[in-house]
Amino acid sequence: MQQKWSEVDEYLAQKLIPQDEVLEQVLANNQRAGLPAIDVSPMQGQLLALLVRMVRAKRILEIGTLGGYSTLWMARELPINGELLTLEAEPLHAAIARENMHLAGVANLVTVAEGPALQTLENLGERPPFDLIFIDADKPNNPSYLKWALHYSRPGTLIIGDNVVRNGEVTNPTSTDASVQGVRKFIDMLGNDPRLTVTSMQTVGVKGWDGFTLAWVNAI
Ligand SMILES: C[S@@+](CC[C@H](N)C(=O)[O-])C[C@H]1O[C@@H](n2cnc3c(N)ncnc32)[C@H](O)[C@@H]1O
């Protein structure tokens, strides 16, 4: 079945998503630098781009940069006075992401903040709220990332969480995997917060079985 999903995902991506040399170059640069191939898929990247477009985001926060593949999908949708702050703990990942943003011509819109995301978030201080927040770093910290995401949100902010399926283990309350437990707590927090309207979108494809949560902030 996995093979069929991948085949369908590739077929749809080929039919629906134009070839893009810059995005492909970013993936090639990441591979050459030895970064893990755990970026979003092209179909997920296009979904992020559409969401940025639909909410007319001007200010974006991304937690978990890797080489900046998802960053680029989103940054290209920003207006010229937009900003995307992306948080990355690994110096090599941050350096490659910066190079990729230069290559793609969006370096003026994107700031790659290097260091543990929680530390960066604690030190952001007073600033205008973000319009869209993409959480895609270490899953055990997802509950804390959600708290900070809400801190930097306004009514109308869209908060997206990646990798919420965990190969189906997300339904296992006794899992000893810290990522599963982090995602389970994250989902509980999303579901129990009356300020949020939330859904989840599962995806099957070249990256396996996975899913996003999409949370709309109704009130703060
Ligand atoms: C799944 S990858 C991000 C993929 C990227 N969003 C994309 O789709 O192209 C997760 C990234 O989060 C980073 N990361 C892990 N723990 C972190 C932390 N505590 N603070 C900041 N970044 C972290 C990892 O180094 C890795 O580059």
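Both ligands and their constituent atoms are indexed starting at 1 by order of listing.
- The single protein non-hydrogen atom nearest to atom 7 (C) of ligand 1 is S70 OG, 3.0 Å, given as residue, atom name and distance.
- Protein heavy atom nearest atom 20 (N) of ligand 1, with residue, atom name and distance: A117 N, 2.9 Å.
- For T65, every heavy-atom contact with ligand 1 shorter than 4.0 Å involves the backbone, none the side chain.
- Atoms of ligand 1 found under 4.0 Å from any heavy atom of H93 (numbered from 1 in listed order, with element): 25 (O), 26 (C), 27 (O).
- For atom 17 (C) of ligand 1, the closest non-hydrogen atom of the protein is D138 OD1, 3.4 Å.
- Under a cutoff of 6.0 Å and an axis angle of 45°, R154 and Y152 do not form a cation-pi pair.
- Between K139 and D162, no side-chain nitrogen of the basic residue sits less than 4.0 Å from a carboxylate oxygen of the acidic one, so the salt-bridge criterion is not met.
- Following chains of ILVMFWY side-chain contacts shorter than 4.5 Å, one cannot reach F186 starting from M201, and the two form parts of different hydrophobic clusters.
- Remark: ligand 1 and G64 share an N or O pair separated by less than 3.5 Å (distance only, no angle test).
- One finds a salt bridge joining R127 and E83 here, because a Lys/Arg side-chain nitrogen approaches an Asp/Glu carboxylate oxygen to under 4.0 Å.
- Looking only at protein heavy atoms, the nearest one to atom 10 (C) of ligand 1 is D136 O, 3.2 Å.
- Contact atoms of ligand 1 toward D39: 7 (C), 8 (O), 9 (O) (distance under 4.0 Å to a heavy atom of the residue).
- Annotation for ligand 1: atoms under 4.0 Å from non-hydrogen atoms of E62 are 6 (N).
- If you look at Y145 next to ligand 1, the close heavy atoms, those under 4.0 Å, all belong to the side chain.
- Each of Q46, R76, Q25 was checked for a side chain to side chain donor-acceptor pair (under 3.5 Å) with D20, and the lone residue meeting it is R76.
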Evaluate the salt bridge (Lys or Arg N to Asp or Glu O under 4.0 Å) criterion for residues K4 and D9: first the C-alpha distance (whole Å), next the side-chain angles of each, then the deciding distance (0.1 Å), finally the verdict.
-> CA-CA 9 Å; K4 198 68 189 165; D9 199 37; over 6 Å; no
Can E88 and R98 be said to form a salt bridge (Lys or Arg N to Asp or Glu O under 4.0 Å), step by step?
-> CA-CA 11 Å; E88 177 54 56; R98 286 191 193 102; over 6 Å; no
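- Other residues, nucleotides and ligands contribute over 12 non-hydrogen atoms within 6.0 Å of the CD atom of E24.
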Run the numbers on Q44 and T203 for side chain to side chain donor-acceptor pair (under 3.5 Å), then give the verdict.
-> CA-CA 8 Å; Q44 292 168 329; T203 52; 3.1 Å; yes
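- Selection from A97, G45, A89, P116 by nearest heavy atom to atom 22 (N) of ligand 1 gives A89.
- For E88, heavy-atom contacts with ligand 1 shorter than 4.0 Å involve the backbone as well as the side chain.
- For atom 8 (O) of ligand 1, the closest non-hydrogen atom of the protein is V40 N, 2.8 Å.
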